[in-house]
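If you read the sequence from its start, that first residue is 1, and numbering goes on from there.
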Amino acid sequence: MARVRKKKVAVVQCLGGCVRQMAVQSADTAGALADGKQEKEKGGSKNGVNCQQMIETESVVISCEWGCLGGGSCVEACRLEAIHINDRGAAEVDPEKCVGCGLCAKACPRGLIRLTTEEYNIYPACVSEDAGAQTRKNCDTGCIACGICVRNCPMGAISIENNHAVIDEDKCIACGMCTVKCPRGVIRDYNGIFTIREAKV
């Protein structure tokens, strides 16, 4: 009997919300940005330059060194238009369109996109290694390592590692308790079933 392949979907481990600013441009940087704008006109990234160009030219500086750059390298890589840059400046996946090909994950220079399966629909959308106090300054949606999710998980599937929540998918039963208890709305359910808090803490 043929084995049924589980549907995969990409998830982005950043919600956006980082403070970002344009850096002082050198002549070379200005040229790279102009090239990026031309690429945008051909259907490239939303911001005119892709993530790799942003890193190489240092044209945009964001407050969190682990956060999504918002340059749209993943958008360019996706052939199904299943990913876009949201209003908060971060990549966001449409799970209905995503087929889990992994092209967006390969395109992300910060390694923020990973593939998961439908049964593991709960995921932490932050991998910042900054301490909680610094994360509050850098971003209004980042994990502050408060541990509320750890204390409320009935399966002991969550731990705090490098100042952010990590879920052990082998233990997780997708009950959603962590998503509804997280005061920063960091832990997400890509199915959108569970209520997510958006209040700042």
Side-chain angles (χ1 to χ4, degrees), residues 7-118 120-121 123-130 135 138-143 162 164-166 185-190 192:
K7 182 182 186 285
K8 291 188 176 181
V9 67
V11 293
V12 183
Q13 295 178 291
C14 178
L15 294 174
C18 303
V19 177
R20 61 187 66 222
Q21 61 186 23
M22 295 297 293
V24 176
Q25 296 179 21
S26 66
D28 290 341
T29 299
L33 287 174
D35 290 343
K37 286 177 182 175
Q38 291 175 5
E39 188 65 29
K40 180 183 180 183
E41 291 172 2
K42 297 176 185 176
S45 69
K46 176 181 177 181
N47 294 334
V49 287
N50 66 31
C51 301
Q52 196 58 47
Q53 289 172 323
M54 290 170 71
I55 291 172
E56 291 171 359
T57 63
E58 298 182 344
S59 57
V60 178
V61 177
I62 69 170
S63 56
C64 176
E65 65 179 287
W66 291 277
C68 179
L69 292 162
S73 291
C74 53
V75 177
E76 293 173 2
C78 181
R79 299 169 183 170
L80 299 174
E81 298 183 354
I83 190 165
H84 65 277
I85 304 302
N86 63 24
D87 293 338
R88 302 184 69 81
E92 187 173 311
V93 176
D94 181 343
E96 294 298 317
K97 294 181 179 178
C98 180
V99 295
C101 68
L103 289 176
C104 58
K106 291 177 182 176
C108 178
R110 288 195 163 177
L112 291 172
I113 303 175
R114 69 180 181 84
L115 298 180
T116 186
T117 57
E118 288 182 310
Y120 298 124
N121 54 301
Y123 67 99
C126 179
V127 292
S128 171
E129 296 183 10
D130 285 327
T135 297
N138 291 345
C139 177
D140 58 12
T141 59
C143 179
N162 297 320
H164 62 268
V166 175
V186 174
I187 303 180
R188 313 297 279 194
D189 164 25
Y190 73 70

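- Closest approach of G67 and L112 over heavy atoms only: C-CD1, 3.5 Å.
- Residue pairs that meet the salt bridge (Lys or Arg N to Asp or Glu O under 4.0 Å) test with at least one member in residues 94-107, sequence neighbours left out, do not exist here.
- In terms of the side-chain contact (heavy atoms from CB on, under 4.5 Å) criterion, residue partners of C104 (sequence neighbours excluded) are, by chain and number, A10, C74, I83, I113.
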Working for side-chain contact (heavy atoms from CB on, under 4.5 Å), residues V11 and V93: CA-CA 6 Å; V11 293; V93 176; over 6 Å; no

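- With sequence neighbours left out, the side-chain contact (heavy atoms from CB on, under 4.5 Å) criterion links C143 to C126, H164, A165, V186.
- Under the side-chain hydrogen bond (donor to acceptor under 3.5 Å, both in side chains) criterion, N138 pairs with D130, Q134, not counting sequence neighbours.
- Closest approach of G185 to L15, counting heavy atoms only: O-CD1, 3.4 Å.
- Taking both residues in full, the closest heavy atoms of Y190 and Y120 are given as CE2-O, 4.1 Å, listed atom of the first, atom of the second, then distance.
- Between the side chain of E56 and the backbone N or O of Q53, no donor-acceptor pair lies under 3.5 Å.
- The minimum heavy-atom distance linking C139 with G16 is given by the pair SG-O, 3.4 Å.
- Of all heavy-atom pairs between T135 and S128, the closest is OG1-OG, 3.7 Å.
- In this view, R114 and E169 satisfy the salt bridge (Lys or Arg N to Asp or Glu O under 4.0 Å) rule, not counting sequence neighbours.
- Scored by the side-chain contact (heavy atoms from CB on, under 4.5 Å) test, P109 finds C51, Q52, I55, L69 as partners (sequence neighbours excluded).
- Minimum heavy-atom separation, A82 to C78: N-SG, 3.2 Å.
- Put simply, the side chain of K7 gets close to the backbone of C98: a donor and an acceptor are under 3.5 Å apart.
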